[in-house]
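Accompanying notes for the structure given below.
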Amino acid sequence: MTELKKHIEEIKEKLHQWSHAYYVLDKPMVDDLEYDSLLKELIKIETQNPQLITSDSPTQKVGGIVLDKFEKYQHKTPMLSLSNAFNDEDLKNFNDQIYKEMENNNYSFFVEPKIDGLSISLIYSNGILSKAVTRGDGVFGEDVTVNVKTIKSIPLKIANQLDYCEVRGEVFLSKKEFDKINHQRSLNGEELFANPRNAAAGTLRQLDSNIAASRNLDAFLYYYMDRETIATHSESMRYLDSMKFKINSLGKHCTNIEEVIEHIHYISEQRSELDYEIDGVVVKVDEFDLYEKVGYTSKFPKWAIAYKFPAEIKTTKLLNIFPTVGRTGRITYNAALEPVQLAGTTVQAATLHNADFIIDRDIRVGAVVKVKKAGDIIPEVIEPIIDKDFDTLEKFQEATHCPECNFILERFEDEVDQYCPNKECPRKIIRAIEHFVSRDAMNIEGLSIKIIEKLFANNFVKEIKDIFNLKNFKEQLIQLDKMGEKSVTNLLEAIEKSKLNSAEKLFFGLGIRHVGKKTAQLLITKYKNILDLKDIDWNDLEEIHDIGPTVTKSITKWFSDKTNIEMLHTLEEQGVNLKYLGQIGTKFSDSITNKNFVITGTLSKPRNHFKTILEEYGAKVIDSVSKKTDYLLAGSEAGSKLEKAQKLNVTIIDEQEFNNLIGGKNEN
Ligand SMILES: NC(=O)c1ccc[n+]([C@@H]2O[C@H](COP(=O)([O-])OP(=O)(O)OC[C@H]3O[C@@H](n4cnc5c(N)ncnc54)[C@H](O)[C@@H]3O)[C@@H](O)[C@H]2O)c1
Ligand SMILES: [Zn+2]
C-alpha cells in the first residue's frame, strides 16, 4: 500500500469509528468540528486523487446505520444528507454552481433554520399516518412508527387523501426537555447525552414507546415529497401548514444570495432566544422543477446546502478547579463555572484536561475565562481574560495527591497526565467496574454507576470477582435503598448471562491499558483463551497489524502481576467463560464484523471464496435468509433467496458492492 493510501485508510477508519459512536450509539467520541475537519481533509485528498475513492468512503454515503432492533424500510426516494458551508464564500460558490447549471432559468431560494434533531419520513395513506421511518443509511431506514405516534405535534390524520403522501422533517427535543432529560440522567448516574440531536435519536430508537412518550419529542416538517402538484418549496410549506403540520416560522423566501446571507445573519441572531437548538441554516432552491436539472450526488442534493454556525464562545467566571480520577487512575482537571448559556444549554462545568493545559494557558481560579462548545460533548475552557484583577489571583498549582485516596500522584514517562498509583483507590475501582460491565465489555445491564457506588459503599462489591457472588446476597440486596425485588432479579440474571460471553468481551472489560475493543477481538480470536495470552511470544504478533510494542508491553505487565492471574482463575471457578466462542475473525470492519450474510446465485468465484473472506472479518455466513440477515450477496440467476430478501428488506449487494464493502481488498 502506498503511503497516501495508508493515510486515507487511517482517516476512513477514524471517521467510521466516530460515525458509529455518533449514529449508532448516539454517543459521539469527538465534537462535530473535529469530525467535520477530518472529513474535509479526506474530501480534499480524494478530490486530488479520485482514483482512490472507494464506495465505502464516508464522503460517498449518508452517515447513518440501520439497527437490527427495528424493521428495515426502504425509502421510496433516498433520504440524503446536506453538503456544508462554513462561511459566505462557500455560500457564494454554491450559488455560482447553480447559476452555471441554470442557463436562462430564473431561480430563488428558501432559507430556514437547520434543526438539531434527526430526520424522519412520514407516510400517510388515505389521510392516515401509516409509517414513520428514520433516515438510516439513506436507502434503508428504521420503522419507528410506534414512537413517532407519541409525538403530539405530528397529526395522525390529515386532509390529504392520496393513497401515498410523504412528508419529511426533523424530530427534535426542546432545550428545556433536553436539560430535563440530562438532569434526570445525571441523578440516575447515567451518561449524559452530548446534544439534543443525540438525545432525540436515542429516544426515537427506544424499543419501549413509553419512554418516547414520556420525553415530549417534537417535530418540524420541511419537505413535501409530491412535487407534481406544487411548484415551489415556499408553496409546499404553506400547504403543509394548512395540513396542520408544524412549520418553522423563521423560513423565508429570498430572491438572491445576498438576501440569503442577510437572512442567515438574522436567524443566527435569533438562535439563543429559540426554545429549540439549531446548528445552522439550510438554503434550498425554491423552484421544484429545477431540482432534477441541478441534480444530486450519492450523498446530497446539489440544490441545497447547510450553513453551519461556528463554535459558540462565551465568557464566564471560573469558580473552582478540581481534579477527578478515572478508571486507569488518570487525573482529569475540571472547571466549575458560573452558569452560562452556551450552544443552547446551561453550562456550569467544563474540562481543563490536565495540569499542563492549565499551566500553559495560565488559567486561574476566580478569573473570567472563555468557554467553547461546538454543538459538542463537554465544553472546554479556552483561556483566561487578562483583566485588571487577573494579577491578584493565585497561580494554579497542580495536585500532588489523589483527590479520592490521598496517594501521591505519579507521571508516566513521556505522558502529560498524572496518575493515582493506588490499586485500592475506591474511585478507580468503581470506574473499573463500570467499564467491566459496560456494553462492549461484559454487557451487564442494571449496574449503573450509582448502583455500583451503592454496592461498593455497602461492601457487596469491592472488586470484579465480587459481582459474581452477588447471587448469594439476594435478600440483602433487595433491602438496599431503592433496589427492589424486580431489579435485583433482573440484575442477577444479567450477571449469570454475562458469564457465557465469548472471551473477547471479558478481555476488553479487564481494562488493561491500551487494550481497546478491537485489540481484544484480534487477540482472543487468535489465541482462543485469555489465560494463553500469559505465555505467548509477542514477537509472533507482527502479523496482526495494529498491535505494537506499547500494547504488548502493557499486556505483559498486566499478566506479570500474580493477583491478576489469580483473579482470572477465580472468575473461571465462578463459571465465567475465558474462551473464544467463535465468529470473530482476524480483521475488523464496522460494516462486516458480526454481521450475518447469505450468499446466493452464480458469482465469479466459488461461494467458499467469499465465505472465507467474510469469516476473516468475523461475519457469519448462513444458509437461509431471515429478518436477522444483514446482507444478501447475490450473483446472477439468484432465485428464492433473493425474493425473500427483497420481501424482508434485507440489503442486497452484488459482487462489485461486496468488493467495495471490503474496501477493494478482493481485487486479486
Ligand atoms: N461528532 C461526531 O463524531 C460526528 C460523527 C458523524 C457525524 N457528525 C456530524 O453530523 C453531521 C453530519 O450529519 P448528517 O449527514 O445528518 O448531515 P447534517 O446534519 O449536516 O445535515 C443534514 C440533515 O440536516 C437535517 N435538517 C435539519 N433541518 C433541516 C431543514 N430545515 N431542511 C433540511 N434538512 C434539515 C436533516 O435531518 C438532514 O438529514 C455533521 O455535522 C457532523 O459533524 C458528527
Ligand atoms: Zn486514588
Side-chain angles (χ1 to χ4, degrees), residues 25 68-69 189 327 428-456 458-478 480 483-512 515-535 555 558-559 561-585 593-594 618 620 628:
L25 309 177
D68 310 337
K69 293 199 287 190
R327 133 177 102 79
K428 272 170 73 172
I429 297 175
I430 289 170
R431 289 286 178 201
I433 292 173
E434 182 190 27
H435 171 75
F436 183 79
V437 304
S438 66
R439 200 174 127 145
D440 287 333
M442 292 299 271
N443 193 19
I444 301 177
E445 245 176 82
L447 277 182
S448 67
I449 184 97
K450 280 270 156 10
I451 302 278
I452 298 171
E453 280 167 352
K454 208 182 288 179
L455 296 175
F456 187 88
N458 289 282
N459 293 324
F460 285 109
V461 175
K462 286 289 184 191
E463 53 186 309
I464 282 171
K465 68 176 197 307
D466 297 339
I467 297 173
F468 301 98
N469 282 339
L470 282 175
K471 59 174 189 246
N472 302 327
F473 302 102
K474 186 163 180 182
E475 290 314 311
Q476 290 97 312
L477 290 177
I478 293 172
L480 257 192
M483 287 280 281
E485 174 144 12
K486 184 150 186 270
S487 68
V488 172
T489 309
N490 290 344
L491 173 60
L492 294 178
E493 270 174 24
I495 292 172
E496 286 308 300
K497 205 173 109 202
S498 76
K499 290 181 180 174
L500 306 176
N501 288 338
S502 186
E504 61 278 2
K505 290 181 87 74
L506 170 60
F507 190 50
F508 171 61
L510 295 173
I512 302 171
V515 177
K517 191 170 119 191
K518 186 171 160 184
T519 304
Q521 284 192 346
L522 293 173
L523 285 173
I524 295 299
T525 330
K526 189 166 162 69
Y527 294 99
K528 312 289 188 236
N529 187 326
I530 295 184
L531 285 168
D532 290 348
L533 289 170
K534 173 166 75 88
D535 314 307
I555 296 176
W558 193 87
F559 278 104
D561 184 335
K562 263 223 283 309
T563 55
N564 287 332
I565 308 280
E566 277 162 22
M567 171 182 68
L568 287 176
H569 285 300
T570 310
L571 289 178
E572 195 170 31
E573 279 157 27
Q574 288 171 314
V576 178
N577 170 50
L578 304 190
K579 296 197 192 81
Y580 167 64
L581 298 181
Q583 292 323 327
I584 310 271
T593 306
N594 282 329
K620 220 197 249 174
K628 292 227 173 77

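Computation of the quantities below employed the complete heavy-atom set of this structure, encompassing side-chain atoms and omitting hydrogens, waters and symmetry-equivalent molecules.
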Heavy-atom check, side chain of [X] versus side chain of [Y], under 4.5 Å:
X	Y	answer
Leu447	Leu491	yes
Ile478	Thr489	no
Leu568	Val576	no
Thr563	Met567	no
Leu506	Asn501	no
Leu571	Ile464	yes

By side-chain contact (heavy atoms from CB on, under 4.5 Å), which residues pair with Asn529, not counting sequence neighbours? Leu531, Asp532, Leu578, Lys579
Using the test side-chain contact (heavy atoms from CB on, under 4.5 Å), find all partners of Ile429 that sit at least two apart in sequence or belong to another chain. Ile433, Phe456
Qualifying side chain to side chain donor-acceptor pair (under 3.5 Å) pairs, either residue in residues 438-447, two or more places apart: none
With sequence neighbours left out, which residue pairs that include part of residues 564-578 fulfil the side chain to side chain donor-acceptor pair (under 3.5 Å) condition? Asn469-Gln574
Check salt bridge (charged side-chain N to carboxylate O under 4.0 Å, His left out) between Asp466 and all other residues, then give those that pass, not counting sequence neighbours. none
Within 6.0 Å of NZ in Lys628, more than 12 heavy atoms from elsewhere: no
Donor-acceptor under 3.5 Å (His435 side chain, Phe508 main chain): yes
Side chain to side chain donor-acceptor pair (under 3.5 Å) with [X]: which residues, sequence neighbours excluded?
X	result
Glu493	none
Lys499	Glu496
Lys465	Glu463
Asn459	Lys462

Checking side chain to side chain contact (heavy atoms under 4.5 Å, CB included) for the pair Leu480/Val488: CA distance, chi angles, key distance, verdict? CA-CA 10 Å; Leu480 257 192; Val488 172; over 6 Å; no
Between Ile495 and Leu470, does the side chain to side chain contact (heavy atoms under 4.5 Å, CB included) criterion hold? Intermediate values first, please. CA-CA 9 Å; Ile495 292 172; Leu470 282 175; 3.8 Å; yes
Can you name the ring-ring contact (aromatic ring centres under 6.0 Å, His included) partners of Phe507, sequence neighbours left out? none
Sequence-distant partners of Phe473, ring-ring contact (aromatic ring centres under 6.0 Å, His included), two or more places apart: Phe460
Atom pair [atom1]/[atom2] of [X] and [Y] - distance to nearest 0.5 Å:
X	Y	atom1	atom2	answer
Glu485	Glu475	CD	CD	7.0 Å
Glu434	Ile444	CD	CD1	13.0 Å
Met442	Phe436	CE	CZ	4.5 Å
Phe559	Lys534	CZ	NZ	8.5 Å
Lys517	Lys505	NZ	NZ	8.0 Å

Test side chain to side chain contact (heavy atoms under 4.5 Å, CB included) applied to Asn458 and Gln476, step by step: CA-CA 10 Å; Asn458 289 282; Gln476 290 97 312; over 6 Å; no
